[in-house]
Colleague: 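Sharing a structure, written as C-alpha coordinates. Questions coming.
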Amino acid sequence: MATLKEQSKKEQILTGGHRLCAGCGHGIAVRMVLNAAEDPLVIGCATGCLEVATTIYPYTAWRSSFIHNAFENAAATISGVEAAYKSLKKQGKIKDDFKFIAFGGDGGTYDIGLQSLSGAMERGHNIVYVCLDNGAYMNTGIQRSSATPRGADTTTSPVGKVIPGKQQFRKDLTAIMAEHNIPYAAQASPNNWRDLYNKAKKAFEVEGPAFINVMAPCPRGWRYNTPDIADILKLAYETRYWPLYEVENGEWKLNYKPKKYVPVEEWLKLQGRFRHLFRDENRYIIDEIQAEVDRRWEVLLERCGEK
Amino acid sequence: MNKKHEKVIAPDVGWRNVTRAGIIPTAGNAEYYETGGWRTKKPVWIEDKCIHCLLCWRFCPDSSVIAEDGKFGRFDYEHCKGCGICVNVCPSDAIDFIDEGETSEGRNDGE
Ligand SMILES: Cc1ncc(C[n+]2csc(CCOP(=O)(O)OP(=O)(O)O)c2C)c(N)n1
Ligand code: SF4
Ligand code: SF4
Ligand code: SF4
Ligand SMILES: [Mg+2]
(Lines give C-alpha, C1' and ligand atoms only; values in the text may rest on other atoms or scores of the structure.)
(Ligands and ions follow the chains in the order given, each with its own letter.)
Protein backbone atom coordinates (compact mmCIF):
# COMPACT_ATOMS: atom_id res chain seq x y z
CA MET A 1 0.00 0.00 0.00
CA ALA A 2 1.53 3.26 -1.11
CA THR A 3 1.25 6.15 1.32
CA LEU A 4 -0.03 9.49 0.06
CA LYS A 5 3.53 10.69 0.21
CA GLU A 6 4.57 7.95 -2.21
CA GLN A 7 1.50 8.38 -4.38
CA SER A 8 2.16 12.10 -4.71
CA LYS A 9 5.58 11.49 -6.20
CA LYS A 10 4.15 9.75 -9.23
CA GLU A 11 3.24 11.70 -12.32
CA GLN A 12 -0.41 12.77 -12.22
CA ILE A 13 -2.12 11.53 -15.35
CA LEU A 14 -5.17 13.81 -15.13
CA THR A 15 -4.14 17.44 -15.55
CA GLY A 16 -5.83 20.57 -14.28
CA GLY A 17 -7.61 22.64 -16.89
CA HIS A 18 -10.33 20.07 -17.57
CA ARG A 19 -13.85 21.47 -17.61
CA LEU A 20 -15.62 19.33 -14.99
CA CYS A 21 -17.69 21.46 -12.59
CA ALA A 22 -15.90 22.68 -9.48
CA GLY A 23 -15.90 19.86 -6.94
CA CYS A 24 -17.01 17.11 -9.33
CA GLY A 25 -16.51 13.59 -7.94
CA HIS A 26 -15.25 12.32 -11.29
CA GLY A 27 -11.97 14.22 -10.99
CA ILE A 28 -11.33 12.79 -7.54
CA ALA A 29 -12.16 9.19 -8.44
CA VAL A 30 -10.15 9.21 -11.67
CA ARG A 31 -7.05 10.65 -10.03
CA MET A 32 -7.19 8.00 -7.30
CA VAL A 33 -7.63 5.10 -9.71
CA LEU A 34 -4.89 6.20 -12.09
CA ASN A 35 -2.42 6.66 -9.27
CA ALA A 36 -2.39 2.89 -8.82
CA ALA A 37 -1.19 2.16 -12.38
CA GLU A 38 2.42 1.12 -12.79
CA ASP A 39 2.52 0.79 -16.59
CA PRO A 40 1.73 3.29 -19.33
CA LEU A 41 -1.98 3.32 -20.09
CA VAL A 42 -4.39 3.54 -22.93
CA ILE A 43 -7.52 5.21 -21.60
CA GLY A 44 -10.99 5.26 -23.08
CA CYS A 45 -14.15 6.97 -21.89
CA ALA A 46 -17.81 6.50 -22.62
CA THR A 47 -19.47 9.79 -23.50
CA GLY A 48 -20.50 11.59 -20.35
CA CYS A 49 -19.28 14.46 -18.21
CA LEU A 50 -15.79 13.01 -17.78
CA GLU A 51 -15.19 12.43 -21.46
CA VAL A 52 -16.74 15.70 -22.56
CA ALA A 53 -14.96 17.83 -19.96
CA THR A 54 -11.50 16.31 -20.44
CA THR A 55 -11.28 16.23 -24.23
CA ILE A 56 -12.64 19.53 -25.53
CA TYR A 57 -10.76 20.05 -28.79
CA PRO A 58 -7.96 21.04 -29.07
CA TYR A 59 -7.24 20.13 -25.45
CA THR A 60 -6.87 16.85 -23.63
CA ALA A 61 -6.50 16.54 -19.87
CA TRP A 62 -4.93 13.06 -20.17
CA ARG A 63 -1.16 12.73 -19.97
CA SER A 64 -1.60 9.41 -21.65
CA SER A 65 -2.85 7.77 -24.80
CA PHE A 66 -6.57 8.33 -25.00
CA ILE A 67 -9.10 6.90 -27.40
CA HIS A 68 -12.38 8.59 -28.08
CA ASN A 69 -15.52 6.56 -28.74
CA ALA A 70 -19.26 6.78 -28.40
CA PHE A 71 -21.63 6.54 -25.44
CA GLU A 72 -22.45 2.86 -25.56
CA ASN A 73 -19.20 1.18 -26.55
CA ALA A 74 -16.30 2.15 -24.29
CA ALA A 75 -15.81 -1.48 -23.26
CA ALA A 76 -15.91 -2.68 -26.88
CA THR A 77 -13.43 0.00 -27.97
CA ILE A 78 -10.95 -0.64 -25.20
CA SER A 79 -11.17 -4.41 -25.71
CA GLY A 80 -10.45 -3.86 -29.41
CA VAL A 81 -7.39 -1.80 -28.52
CA GLU A 82 -6.24 -4.51 -26.14
CA ALA A 83 -6.70 -7.21 -28.79
CA ALA A 84 -4.71 -5.18 -31.33
CA TYR A 85 -1.96 -4.63 -28.78
CA LYS A 86 -1.76 -8.36 -28.08
CA SER A 87 -1.36 -9.08 -31.75
CA LEU A 88 1.27 -6.36 -32.30
CA LYS A 89 3.13 -7.56 -29.27
CA LYS A 90 3.16 -11.11 -30.63
CA GLN A 91 4.53 -9.80 -33.91
CA GLY A 92 7.23 -7.95 -32.03
CA LYS A 93 6.01 -4.56 -33.20
CA ILE A 94 5.40 -3.26 -29.68
CA LYS A 95 7.98 -3.81 -26.98
CA ASP A 96 6.60 -1.94 -23.97
CA ASP A 97 3.92 -3.20 -21.61
CA PHE A 98 0.66 -1.29 -21.57
CA LYS A 99 -2.51 -1.45 -19.51
CA PHE A 100 -5.99 -0.63 -20.79
CA ILE A 101 -8.71 1.15 -18.88
CA ALA A 102 -12.12 2.53 -19.71
CA PHE A 103 -14.23 4.89 -17.61
CA GLY A 104 -17.97 5.14 -18.06
CA GLY A 105 -20.73 7.00 -16.26
CA ASP A 106 -23.67 5.08 -14.81
CA GLY A 107 -25.78 5.89 -17.88
CA GLY A 108 -22.99 4.62 -20.13
CA THR A 109 -22.45 1.52 -18.00
CA TYR A 110 -25.64 0.37 -16.24
CA ASP A 111 -27.82 1.25 -19.23
CA ILE A 112 -26.70 1.91 -22.78
CA GLY A 113 -23.23 0.31 -22.55
CA LEU A 114 -24.25 -2.77 -20.60
CA GLN A 115 -24.21 -5.19 -23.50
CA SER A 116 -20.82 -4.05 -24.81
CA LEU A 117 -19.45 -4.26 -21.27
CA SER A 118 -20.92 -7.70 -20.70
CA GLY A 119 -19.43 -8.89 -23.98
CA ALA A 120 -15.97 -7.54 -23.19
CA MET A 121 -16.04 -9.22 -19.77
CA GLU A 122 -17.15 -12.54 -21.21
CA ARG A 123 -14.45 -12.47 -23.90
CA GLY A 124 -11.89 -12.14 -21.15
CA HIS A 125 -9.85 -9.15 -22.33
CA ASN A 126 -7.13 -7.92 -20.05
CA ILE A 127 -8.83 -4.61 -19.32
CA VAL A 128 -10.03 -2.54 -16.41
CA TYR A 129 -13.47 -0.99 -16.55
CA VAL A 130 -14.38 1.67 -14.00
CA CYS A 131 -17.93 2.90 -13.64
CA LEU A 132 -18.20 6.38 -12.12
CA ASP A 133 -21.65 6.22 -10.58
CA ASN A 134 -23.33 9.55 -9.97
CA GLY A 135 -26.77 8.07 -10.31
CA ALA A 136 -28.08 9.92 -13.36
CA TYR A 137 -27.30 11.12 -16.88
CA MET A 138 -25.66 14.29 -15.60
CA ASN A 139 -24.02 15.51 -18.77
CA THR A 140 -27.34 15.93 -20.56
CA GLY A 141 -29.14 17.49 -17.62
CA ILE A 142 -29.85 14.95 -14.84
CA GLN A 143 -32.07 12.32 -16.42
CA ARG A 144 -32.78 9.20 -14.36
CA SER A 145 -30.81 6.03 -15.07
CA SER A 146 -31.08 2.52 -13.68
CA ALA A 147 -28.48 3.63 -11.10
CA THR A 148 -30.63 6.50 -9.80
CA PRO A 149 -31.78 5.83 -6.24
CA ARG A 150 -35.49 5.40 -5.55
CA GLY A 151 -37.11 8.69 -4.64
CA ALA A 152 -34.53 10.93 -6.34
CA ASP A 153 -35.75 14.01 -8.17
CA THR A 154 -34.41 14.04 -11.73
CA THR A 155 -35.64 15.73 -14.89
CA THR A 156 -37.21 12.48 -16.11
CA SER A 157 -38.52 11.43 -12.70
CA PRO A 158 -39.60 14.91 -11.61
CA VAL A 159 -41.16 15.49 -8.24
CA GLY A 160 -44.65 16.95 -8.65
CA LYS A 161 -48.31 16.13 -8.38
CA VAL A 162 -47.98 12.92 -10.35
CA ILE A 163 -44.89 11.18 -8.90
CA PRO A 164 -42.65 11.75 -5.86
CA GLY A 165 -39.33 11.19 -7.69
CA LYS A 166 -37.93 7.99 -9.17
CA GLN A 167 -40.20 5.02 -8.57
CA GLN A 168 -37.76 2.11 -8.89
CA PHE A 169 -34.84 0.96 -6.76
CA ARG A 170 -31.44 1.02 -8.41
CA LYS A 171 -29.93 -1.87 -10.32
CA ASP A 172 -27.15 -3.71 -8.48
CA LEU A 173 -24.56 -3.53 -11.23
CA THR A 174 -21.54 -4.59 -9.17
CA ALA A 175 -23.21 -7.90 -8.33
CA ILE A 176 -24.18 -8.37 -11.98
CA MET A 177 -20.56 -7.88 -13.03
CA ALA A 178 -19.33 -10.24 -10.33
CA GLU A 179 -21.71 -12.87 -11.71
CA HIS A 180 -19.78 -12.74 -14.98
CA ASN A 181 -17.19 -14.76 -13.07
CA ILE A 182 -14.42 -12.35 -13.98
CA PRO A 183 -11.23 -12.42 -11.91
CA TYR A 184 -11.99 -9.15 -10.13
CA ALA A 185 -15.07 -7.04 -9.38
CA ALA A 186 -15.37 -4.44 -6.65
CA GLN A 187 -17.37 -1.55 -5.29
CA ALA A 188 -15.51 1.41 -3.82
CA SER A 189 -15.70 4.98 -2.53
CA PRO A 190 -13.13 7.73 -2.95
CA ASN A 191 -13.59 8.69 0.68
CA ASN A 192 -11.90 5.42 1.58
CA TRP A 193 -8.94 6.24 -0.64
CA ARG A 194 -6.81 3.40 0.73
CA ASP A 195 -9.44 0.87 -0.18
CA LEU A 196 -9.96 2.41 -3.62
CA TYR A 197 -6.22 2.48 -4.30
CA ASN A 198 -5.87 -1.20 -3.35
CA LYS A 199 -8.79 -2.13 -5.55
CA ALA A 200 -7.44 -0.21 -8.52
CA LYS A 201 -4.07 -1.85 -8.03
CA LYS A 202 -5.61 -5.32 -8.00
CA ALA A 203 -7.69 -4.45 -11.04
CA PHE A 204 -4.60 -3.43 -13.01
CA GLU A 205 -2.66 -6.47 -11.86
CA VAL A 206 -5.08 -9.32 -12.47
CA GLU A 207 -4.85 -11.18 -15.74
CA GLY A 208 -8.21 -10.72 -17.45
CA PRO A 209 -11.11 -8.34 -17.02
CA ALA A 210 -11.64 -6.30 -13.88
CA PHE A 211 -14.57 -4.08 -12.98
CA ILE A 212 -14.81 -1.40 -10.26
CA ASN A 213 -17.92 0.57 -9.45
CA VAL A 214 -16.95 3.86 -7.81
CA MET A 215 -19.38 6.30 -6.25
CA ALA A 216 -18.69 9.72 -7.79
CA PRO A 217 -20.99 12.41 -6.36
CA CYS A 218 -22.25 15.19 -8.61
CA PRO A 219 -22.83 18.38 -6.64
CA ARG A 220 -24.99 19.74 -9.45
CA GLY A 221 -27.37 16.79 -9.68
CA TRP A 222 -27.38 15.74 -6.03
CA ARG A 223 -27.69 19.30 -4.71
CA TYR A 224 -25.47 19.15 -1.64
CA ASN A 225 -22.96 21.68 -0.37
CA THR A 226 -20.01 21.17 -2.75
CA PRO A 227 -17.16 21.23 -0.18
CA ASP A 228 -18.88 18.43 1.81
CA ILE A 229 -18.20 15.64 -0.69
CA ALA A 230 -16.20 13.56 1.79
CA ASP A 231 -19.12 13.51 4.25
CA ILE A 232 -21.55 12.56 1.50
CA LEU A 233 -19.30 9.69 0.42
CA LYS A 234 -18.73 8.51 3.97
CA LEU A 235 -22.40 8.43 4.89
CA ALA A 236 -23.14 6.43 1.76
CA TYR A 237 -21.18 3.48 3.12
CA GLU A 238 -21.84 4.11 6.81
CA THR A 239 -25.58 3.85 6.08
CA ARG A 240 -24.87 0.68 4.03
CA TYR A 241 -26.40 2.29 0.96
CA TRP A 242 -23.07 1.84 -0.89
CA PRO A 243 -21.24 -1.11 0.70
CA LEU A 244 -17.53 -1.52 0.04
CA TYR A 245 -16.75 -5.03 -1.13
CA GLU A 246 -14.80 -7.03 -3.67
CA VAL A 247 -15.15 -10.35 -5.45
CA GLU A 248 -11.86 -12.01 -6.30
CA ASN A 249 -12.08 -15.19 -8.35
CA GLY A 250 -15.59 -15.81 -7.09
CA GLU A 251 -14.76 -15.10 -3.46
CA TRP A 252 -16.93 -12.33 -1.98
CA LYS A 253 -15.33 -10.15 0.66
CA LEU A 254 -16.76 -7.28 2.68
CA ASN A 255 -14.09 -4.56 2.98
CA TYR A 256 -15.83 -2.38 5.52
CA LYS A 257 -18.40 -3.09 8.19
CA PRO A 258 -19.99 -0.03 9.82
CA LYS A 259 -19.61 -0.04 13.60
CA LYS A 260 -23.15 1.11 14.24
CA TYR A 261 -26.48 1.29 12.50
CA VAL A 262 -26.86 4.62 10.72
CA PRO A 263 -30.30 5.12 9.10
CA VAL A 264 -30.18 5.88 5.38
CA GLU A 265 -32.07 9.14 5.92
CA GLU A 266 -28.87 10.61 7.38
CA TRP A 267 -27.43 10.38 3.88
CA LEU A 268 -30.63 11.38 2.09
CA LYS A 269 -31.18 14.53 4.11
CA LEU A 270 -27.94 16.17 2.94
CA GLN A 271 -29.06 16.12 -0.68
CA GLY A 272 -31.57 18.40 -2.37
CA ARG A 273 -32.64 15.64 -4.77
CA PHE A 274 -34.32 13.87 -1.81
CA ARG A 275 -35.72 16.91 -0.01
CA HIS A 276 -39.35 16.15 -0.89
CA LEU A 277 -39.10 12.76 0.81
CA PHE A 278 -39.11 14.49 4.18
CA ARG A 279 -42.65 15.82 3.69
CA ASP A 280 -45.17 13.88 5.79
CA GLU A 281 -46.96 12.39 2.82
CA ASN A 282 -43.70 11.00 1.37
CA ARG A 283 -42.14 9.59 4.53
CA TYR A 284 -43.22 6.10 3.57
CA ILE A 285 -40.71 6.23 0.70
CA ILE A 286 -37.84 6.68 3.13
CA ASP A 287 -39.13 3.62 5.02
CA GLU A 288 -39.20 1.65 1.77
CA ILE A 289 -35.68 2.74 0.85
CA GLN A 290 -34.48 1.73 4.32
CA ALA A 291 -36.13 -1.68 4.04
CA GLU A 292 -34.48 -2.28 0.68
CA VAL A 293 -31.06 -1.15 1.94
CA ASP A 294 -31.42 -3.56 4.87
CA ARG A 295 -32.52 -6.41 2.64
CA ARG A 296 -29.62 -5.94 0.21
CA TRP A 297 -27.17 -5.65 3.08
CA GLU A 298 -28.32 -9.01 4.47
CA VAL A 299 -27.88 -10.61 1.05
CA LEU A 300 -24.38 -9.16 0.82
CA LEU A 301 -23.43 -10.39 4.30
CA GLU A 302 -24.57 -13.84 3.28
CA ARG A 303 -22.50 -13.76 0.07
CA CYS A 304 -19.47 -12.56 1.98
CA GLY A 305 -19.77 -15.32 4.55
CA GLU A 306 -20.37 -12.79 7.30
CA LYS A 307 -23.33 -14.65 8.78
CA MET B 1 2.01 25.27 -25.42
CA ASN B 2 4.44 23.58 -27.74
CA LYS B 3 5.09 25.11 -31.13
CA LYS B 4 3.76 22.28 -33.22
CA HIS B 5 0.52 22.29 -31.34
CA GLU B 6 0.09 26.02 -31.38
CA LYS B 7 0.44 25.97 -35.13
CA VAL B 8 -2.12 23.25 -35.50
CA ILE B 9 -4.93 24.74 -33.47
CA ALA B 10 -4.70 28.54 -33.33
CA PRO B 11 -8.15 30.14 -33.83
CA ASP B 12 -7.29 31.42 -37.30
CA VAL B 13 -6.43 27.96 -38.60
CA GLY B 14 -8.92 26.88 -41.25
CA TRP B 15 -10.60 23.50 -41.42
CA ARG B 16 -8.08 22.20 -43.96
CA ASN B 17 -5.31 22.53 -41.41
CA VAL B 18 -6.86 21.19 -38.25
CA THR B 19 -5.57 17.83 -37.12
CA ARG B 20 -6.88 14.81 -38.94
CA ALA B 21 -9.78 13.10 -37.17
CA GLY B 22 -9.47 15.67 -34.41
CA ILE B 23 -6.39 14.02 -33.02
CA ILE B 24 -4.75 15.96 -30.22
CA PRO B 25 -1.00 15.31 -30.53
CA THR B 26 0.08 16.73 -27.17
CA ALA B 27 -1.01 14.57 -24.23
CA GLY B 28 -2.05 16.63 -21.24
CA ASN B 29 -2.17 20.02 -22.99
CA ALA B 30 -5.29 20.98 -21.00
CA GLU B 31 -2.67 22.29 -18.62
CA TYR B 32 -2.49 25.31 -20.90
CA TYR B 33 -6.17 25.99 -20.39
CA GLU B 34 -6.76 28.05 -17.27
CA THR B 35 -9.80 27.41 -15.12
CA GLY B 36 -8.66 29.56 -12.19
CA GLY B 37 -10.99 32.31 -13.37
CA TRP B 38 -13.96 30.13 -12.31
CA ARG B 39 -13.18 30.74 -8.66
CA THR B 40 -15.32 32.88 -6.41
CA LYS B 41 -13.53 31.67 -3.30
CA LYS B 42 -9.91 30.81 -2.88
CA PRO B 43 -8.07 28.31 -0.65
CA VAL B 44 -5.11 29.78 1.18
CA TRP B 45 -2.48 27.62 2.83
CA ILE B 46 -1.52 28.33 6.44
CA GLU B 47 1.96 26.89 6.66
CA ASP B 48 2.23 26.86 10.46
CA LYS B 49 -0.77 24.61 10.87
CA CYS B 50 0.02 22.16 8.06
CA ILE B 51 0.99 18.62 9.04
CA HIS B 52 1.67 17.57 5.42
CA CYS B 53 -0.82 14.70 5.48
CA LEU B 54 -1.61 15.40 1.79
CA LEU B 55 -5.32 14.74 2.13
CA CYS B 56 -5.94 18.01 0.30
CA TRP B 57 -3.72 16.74 -2.50
CA ARG B 58 -5.55 13.41 -2.61
CA PHE B 59 -9.04 14.91 -2.79
CA CYS B 60 -8.53 17.82 -5.20
CA PRO B 61 -10.54 17.05 -8.38
CA ASP B 62 -8.47 19.50 -10.41
CA SER B 63 -4.92 18.37 -9.65
CA SER B 64 -4.45 21.83 -8.19
CA VAL B 65 -2.72 20.97 -4.96
CA ILE B 66 0.88 20.57 -5.99
CA ALA B 67 2.86 18.24 -3.78
CA GLU B 68 6.59 18.75 -3.69
CA ASP B 69 8.86 16.02 -2.42
CA GLY B 70 6.03 14.27 -0.58
CA LYS B 71 4.81 17.43 1.16
CA PHE B 72 2.30 20.17 0.53
CA GLY B 73 3.98 22.47 -1.96
CA ARG B 74 1.53 25.07 -3.24
CA PHE B 75 -1.84 25.68 -4.79
CA ASP B 76 -2.00 25.91 -8.54
CA TYR B 77 -4.20 28.97 -8.84
CA GLU B 78 -4.21 28.79 -12.62
CA HIS B 79 -6.44 25.73 -12.40
CA CYS B 80 -7.97 25.64 -8.89
CA LYS B 81 -11.73 26.20 -9.25
CA GLY B 82 -12.28 27.06 -5.61
CA CYS B 83 -14.55 24.10 -4.85
CA GLY B 84 -13.55 24.10 -1.17
CA ILE B 85 -13.07 20.34 -0.88
CA CYS B 86 -9.45 20.66 0.27
CA VAL B 87 -10.60 23.11 2.94
CA ASN B 88 -13.06 20.59 4.37
CA VAL B 89 -10.86 17.49 4.24
CA CYS B 90 -7.92 19.22 5.93
CA PRO B 91 -7.73 17.70 9.43
CA SER B 92 -5.64 20.55 10.73
CA ASP B 93 -7.56 23.70 9.69
CA ALA B 94 -4.53 24.65 7.65
CA ILE B 95 -6.48 25.98 4.70
CA ASP B 96 -8.34 29.25 4.82
CA PHE B 97 -11.15 29.84 2.34
CA ILE B 98 -11.47 33.48 1.44
CA ASP B 99 -13.50 35.47 -1.05
CA GLU B 100 -11.66 35.90 -4.31
CA GLY B 101 -10.21 39.37 -4.31
CA GLU B 102 -10.09 39.64 -0.54
CA THR B 103 -6.59 40.47 0.59
CA SER B 104 -5.21 40.12 4.03
CA GLU B 105 -1.81 40.89 5.39
CA GLY B 106 0.29 38.00 6.54
CA ARG B 107 -1.53 35.43 4.47
CA ASN B 108 0.76 33.21 2.49
CA ASP B 109 -1.18 32.47 -0.64
CA GLY B 110 1.84 31.11 -2.42
CA GLU B 111 1.81 33.75 -5.14
C1 LIG C 1 -26.06 7.12 -28.38
C2 LIG C 1 -26.08 8.38 -27.61
N3 LIG C 1 -27.21 8.75 -26.96
C4 LIG C 1 -27.24 9.88 -26.24
C5 LIG C 1 -26.13 10.66 -26.12
C6 LIG C 1 -26.19 11.94 -25.32
N7 LIG C 1 -25.47 11.83 -24.07
C8 LIG C 1 -24.21 12.28 -23.94
S9 LIG C 1 -23.61 12.15 -22.40
C10 LIG C 1 -25.08 11.50 -21.86
C11 LIG C 1 -25.30 11.16 -20.41
C12 LIG C 1 -24.17 10.51 -19.72
O13 LIG C 1 -24.59 10.03 -18.48
P14 LIG C 1 -23.65 9.09 -17.63
O15 LIG C 1 -23.16 7.97 -18.45
O16 LIG C 1 -24.33 8.74 -16.37
O17 LIG C 1 -22.39 10.03 -17.33
P18 LIG C 1 -22.34 11.37 -16.45
O19 LIG C 1 -22.42 12.51 -17.40
O20 LIG C 1 -23.47 11.34 -15.48
O21 LIG C 1 -21.02 11.29 -15.77
C22 LIG C 1 -26.00 11.39 -22.90
C23 LIG C 1 -27.38 10.90 -22.77
C24 LIG C 1 -24.96 10.25 -26.81
N25 LIG C 1 -23.82 10.95 -26.72
N26 LIG C 1 -24.96 9.11 -27.53
S1 SF4 D 1 -22.74 17.98 -13.91
FE2 SF4 D 1 -22.11 16.73 -12.17
S3 SF4 D 1 -20.98 14.98 -13.03
FE4 SF4 D 1 -21.11 16.59 -14.61
S5 SF4 D 1 -19.20 17.78 -14.41
FE6 SF4 D 1 -20.79 18.80 -13.19
S7 SF4 D 1 -20.55 17.96 -11.14
FE8 SF4 D 1 -19.48 16.57 -12.53
S1 SF4 E 1 -4.80 18.61 4.28
FE2 SF4 E 1 -4.16 20.34 5.55
S3 SF4 E 1 -2.59 19.50 6.90
FE4 SF4 E 1 -2.86 18.03 5.26
S5 SF4 E 1 -1.28 18.64 3.75
FE6 SF4 E 1 -3.18 19.69 3.18
S7 SF4 E 1 -3.02 21.70 4.18
FE8 SF4 E 1 -1.52 20.36 5.15
S1 SF4 F 1 -10.42 24.56 -3.76
FE2 SF4 F 1 -10.93 22.67 -4.91
S3 SF4 F 1 -9.87 22.94 -6.86
FE4 SF4 F 1 -8.94 24.40 -5.46
S5 SF4 F 1 -7.17 23.31 -4.61
FE6 SF4 F 1 -8.91 23.01 -3.19
S7 SF4 F 1 -9.80 21.05 -3.82
FE8 SF4 F 1 -8.51 21.77 -5.52
MG1 LIG G 1 -24.03 9.59 -14.49
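Proteins get letters first, then strands, A, B, ... in listed order; numbering begins at 1 in each.
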Colleague: Is it the case that atom NZ in A:Lys10 sees more than 12 heavy atoms from other parts of the structure closer than 6.0 Å?
Modeller: yes
Colleague: Checking heavy atoms, do the side chain of B:Trp57, its backbone, both or neither come under 4.5 Å from chain A?
Modeller: both
Colleague: How would you list, by chain and number, every residue that makes a salt bridge (charged side-chain N to carboxylate O under 4.0 Å, His left out) with A:Asp39, sequence neighbours excluded?
Modeller: A:Lys99
Colleague: Out of B:Glu78, B:Glu31, B:Arg58, B:His79, which one racks up the most heavy-atom pairs below 4.5 Å with chain A?
Modeller: B:Arg58
Colleague: Heavy-atom pairs under 4.5 Å with chain B - which of A:Ala29, A:Cys24, A:Gly27, A:Gly16 has more of them than the others?
Modeller: A:Gly16
Colleague: Determine whether the aromatic ring centres of residues A:Tyr59 and B:Tyr32 are separated by less than 6.0 angstrom.
Modeller: no
Colleague: For B:Ile66, which atoms come within 4.5 Å of any heavy atom of chain A: side chain, backbone, both, or neither?
Modeller: neither
Colleague: Check whether A:Thr60 gets within reach of chain B through its side chain, its backbone, both or neither, counting any heavy atom under 4.5 Å.
Modeller: both
Colleague: Is the charged tip of A:Arg31 near the ring of B:Phe59: under 6.0 Å from the six-membered ring centre and within 45° of its axis?
Modeller: no
Colleague: Would you mind writing out the side-chain donor-acceptor pairs for residues 81-90 of chain B within the sub-3.5 Å range, not counting sequence neighbours?
Modeller:
{"residue": "B:Lys81", "atom": "NZ", "partner": "A:His18", "partner atom": "O", "Å": "2.9"}
{"residue": "B:Lys81", "atom": "NZ", "partner": "A:His18", "partner atom": "ND1", "Å": "3.3"}
{"residue": "B:Lys81", "atom": "NZ", "partner": "A:Leu20", "partner atom": "O", "Å": "2.6"}
{"residue": "B:Lys81", "atom": "NZ", "partner": "B:Asp62", "partner atom": "OD1", "Å": "2.6"}
{"residue": "B:Asn88", "atom": "ND2", "partner": "A:Pro227", "partner atom": "O", "Å": "3.3"}
{"residue": "B:Asn88", "atom": "ND2", "partner": "A:Asp228", "partner atom": "OD1", "Å": "2.7"}

